[in-house]
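This report refers to the structure that appears directly beneath it.
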Amino acid sequence: MRTIGVIGLGNMGRGMALSLARRGFAVLGTDAAAAARDALRGEGIEVVASAREIWASCDAVVLSLPTAEIVDAVVLGPEGPLKGARPGLLVIDTSTSHPDTTRRVAAALAPAGIDLVDAPVSGGPKGAHTATLTMVIGGSDEAVARAEPVLAAMSATRVHVGGVGAGHVTKIANNLLCAAHLLTAAEAVRMAREAGVAPERLLAGINAGSGRSGVTQVNFPTWVLTGAFDSGFTMKLMRKDVRLAESLIGALGLDLPVSAEVARLWRDSAEAVPDAEDFNRIVALQLDSAR
Ligand code: NAD
C-alpha cells in the first residue's frame with residue numbers, strides 16, 4: 001500500500017488525508033466542493049477534480065462522506081471503481097453509514113476482486129488531524145489485516161468487531177448512546193442545579209461514580225460548560241446517525257421505547273436547535289446557558 005485516495009475532504013477527511021501524508025503515504029484527495037479541494041492544496045496532498053482519477057491510481061481509497069446514499073452513489077455510480085481500478089483495490093469506508101448499504105456495496109465490489117472494510121470513527125476533526133481516532137471495524141480478517149497500515153496511520157485505537165457492516169452497526173449503537181447520554185446528562189445537570197449543586201461539582205461527583213459516560217467526561221467539560229460548542233460535529237450529522245439507528249431498529253422489527261423517545265427528541269428539536277449548530281447544543285432543551 002503506497003498510494004491512498006481520500007474521497008470527502010470535509011471536517012474529518014481533511015485531517016485523515018493529512019495524517020496519511022505525514023505517515024509517508026502518497027495521498028490523492030477529492031471532494032465534490034471546490035472549497036474543500038482548495039483548502040487542501042499546497043498541504044502535501046495531491047488534489048484532483050474527480051473520483052475517477054482516484055480509483056484508477058490508488059491501492060486503497062478512504063471514504064469520508066456524509067451519508068450512506070452518497071457512499072452508494074460514489075462507489076457504485078458511473079464514476080466508481082467497477083469501471084477501472086487497480087487490481088486488489090481496498091475500499092475503507094470511515095463514513096457513518098447504514099450497514100445494509102455497506103453490505104450491498106461490498107457484495108457488488110467482491111466479484112471485481114475489490115474488498116471493502118467499514119471503519120467508522122470517533123474522535124472528531126481533532127482526532128482525524130492528530131491520527132488519534134478510534135475505529136470500530138467490520139470486514140474479513142484478511143481485508144482488515146491488509147487495511148491495518150492505512151488504518152494505523154489515522155487512528156490510535158482499533159476494534160475489529162465482525163464482518164463487513166459490523167463496524168457501522170457498532171458505530172450506530174455508539175452514537176445512539178451518545179445522543180441519549182446528552183439528553184439524560186442535561187436533565188441530570190438541570191435537576192442538580194435546581195437542587196443547589198453546581199454543574200462542575202456535579203460532574204466531578206458523577207465522573208467518580210457509576211453514572212459517568214463519554215458525555216459527562218468529555219462533552220460537558222470540553223464543549224458544554226465552557227460554552228465553546230466547537231466540536232466540529234453538527235446537529236445535522238447526529239440527526240442522521242439517530243435516524244440510522246431508528247432505521248436499523250425498524251428493519252429488525254424491534255420495539256425499543258427509550259431509543260424511540262431519543263429519536264423523537266432529536267427530530268423534534270429541529271426548530272430550537274438548527275442543523276448547522278454543534279451537536280452538543282441539544283442540551284439547550286434543558287439548559288438555558290446553551291441557547
Ligand atoms: P463534512 O460535511 O464536513 O464533510 C463531508 C465532505 O464530503 C464534504 O466536504 C462534502 O463536500 C463531501 N462530499 C459530499 N458528497 C460528495 C461526493 N459525491 N463526492 C465527493 N465528496 C463529497 O462531514 P464530516 O464531519 O467530515 O463527516 C464525514 C463523515 O464522518 C460523516 O459520515 C460523519 O457522520 C462521520 N463522522 C464525523 C465526525 C465529526 O466529528 N465531524 C465524527 C465521527 C464520524
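Read the numbers this way: they start at 1 and go in the same order the structure lists the ligands and their atoms.
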Q.
Run Val224 and Phe229 through side chain to side chain contact (heavy atoms under 4.5 Å, CB included) and show every step you take.
A. CA-CA 6 Å; Val224 176; Phe229 293 103; 4.1 Å; yes
Q. How far apart are the C-alpha atoms of Phe220 and Asn207, what are their side-chain angles, what is the distance that settles it, and do they pass the side chain to side chain contact (heavy atoms under 4.5 Å, CB included) test?
A. CA-CA 11 Å; Phe220 264 75; Asn207 287 336; over 6 Å; no
When you measure from [atom] to every protein heavy atom, which one gives the shortest distance, and what is it?
atom	result
atom 15 (N) of ligand 1	Ile70 CG2, 3.6 Å
atom 4 (O) of ligand 1	Gly10 CA, 3.2 Å
atom 35 (C) of ligand 1	Thr96 OG1, 3.6 Å
atom 30 (O) of ligand 1	Met12 CG, 4.0 Å
atom 2 (O) of ligand 1	Pro66 CG, 4.6 Å
atom 28 (C) of ligand 1	Ser64 OG, 3.5 Å
atom 13 (N) of ligand 1	Leu65 CD2, 3.9 Å

For [X] and [Y], which I'm curious about, is there any donor-acceptor pair between the side chains at under 3.5 Å?
X	Y	answer
Ser64	Arg14	no
Asp278	Ser231	yes
His168	Ser97	no

Counting from 1, what ligand 1 atoms have a heavy atom of [X] closer than 4.0 Å?
X	value
Ala33	11 (O)
Ser95	32 (O)
Lys240	31 (C), 32 (O), 33 (C), 34 (O)
Val74	17 (C), 18 (N), 19 (N)
Val121	43 (C), 44 (C)
Phe233	37 (C), 38 (C), 39 (C), 40 (O), 41 (N)
Gly124	40 (O)
Gly232	39 (C), 40 (O), 41 (N)

Q: Would you indicate which of Asn11, Thr30, Val71, Leu237 comes nearest to atom 27 (O) of ligand 1 when only heavy atoms are counted?
A: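 Ranked by closest heavy atom to atom 27 (O) of ligand 1, first place is Leu237.
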Q) Within the structure, does at least one protein heavy atom fall under 4.0 Å of atom 21 (N) of ligand 1? A)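 At least one protein heavy atom is under 4.0 Å away.
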Quick check: does [X] get an N/O under 3.5 Å from an N/O on ligand 1?
X	value
Ser122	no
Asp31	yes
Thr67	no
Ala32	yes

Is it the case that one hydrophobic cluster holds both [X] and [Y], taking links as side-chain heavy atoms less than 4.5 Å apart, direct or via other members?
X	Y	answer
Val242	Phe279	yes
Ile206	Val197	yes
Ile4	Ile137	yes

Q. Can you name the residues that form a side-chain contact (heavy atoms from CB on, under 4.5 Å) with Lys236, not counting sequence neighbours?
A.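 For Lys236, the residues satisfying side-chain contact (heavy atoms from CB on, under 4.5 Å) (neighbours in sequence not counted) are Thr234, Asp275.
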Q: Just jot down the side-chain contact (heavy atoms from CB on, under 4.5 Å) partners of Glu277, sequence neighbours excluded, or say none.
A: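 side-chain contact (heavy atoms from CB on, under 4.5 Å) check on Glu277 returns Met235, Val273, Pro274, Arg281.
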Q. Is the closest basic N to carboxylate O distance between Arg264 and Glu261 below 4.0 Å?
A.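 Salt bridge between Arg264 and Glu261, a charged N being under 4.0 Å from a carboxylate O: yes.
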**Q.** Residues Arg41, Glu46: salt bridge by 4.0 Å N-O rule
**A.**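 Salt bridge: no.
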Q) So is Arg14 in contact with ligand 1, going by heavy-atom distances below 4.0 Å? A)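 Checking ligand 1 against Arg14, which is what was asked, there is no heavy-atom contact under 4.0 Å.
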Q.
I'd like to know whether ligand 1 has Pro125 as a neighbour, heavy-atom separation below 4.0 Å.
A.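 For ligand 1, residue contact (heavy atoms, under 4.0 Å) with Pro125 is present.
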Q: Write down the atom of Pro99, the atom of Leu248, and the distance for their closest heavy-atom approach.
A: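 That would be CG-CD1, 4.1 Å.
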(Q) To the closest 0.5 Å, what do you measure between CG (Leu9) and CZ (Arg37)? (A)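 Result: 9.0 Å between the selected atoms.
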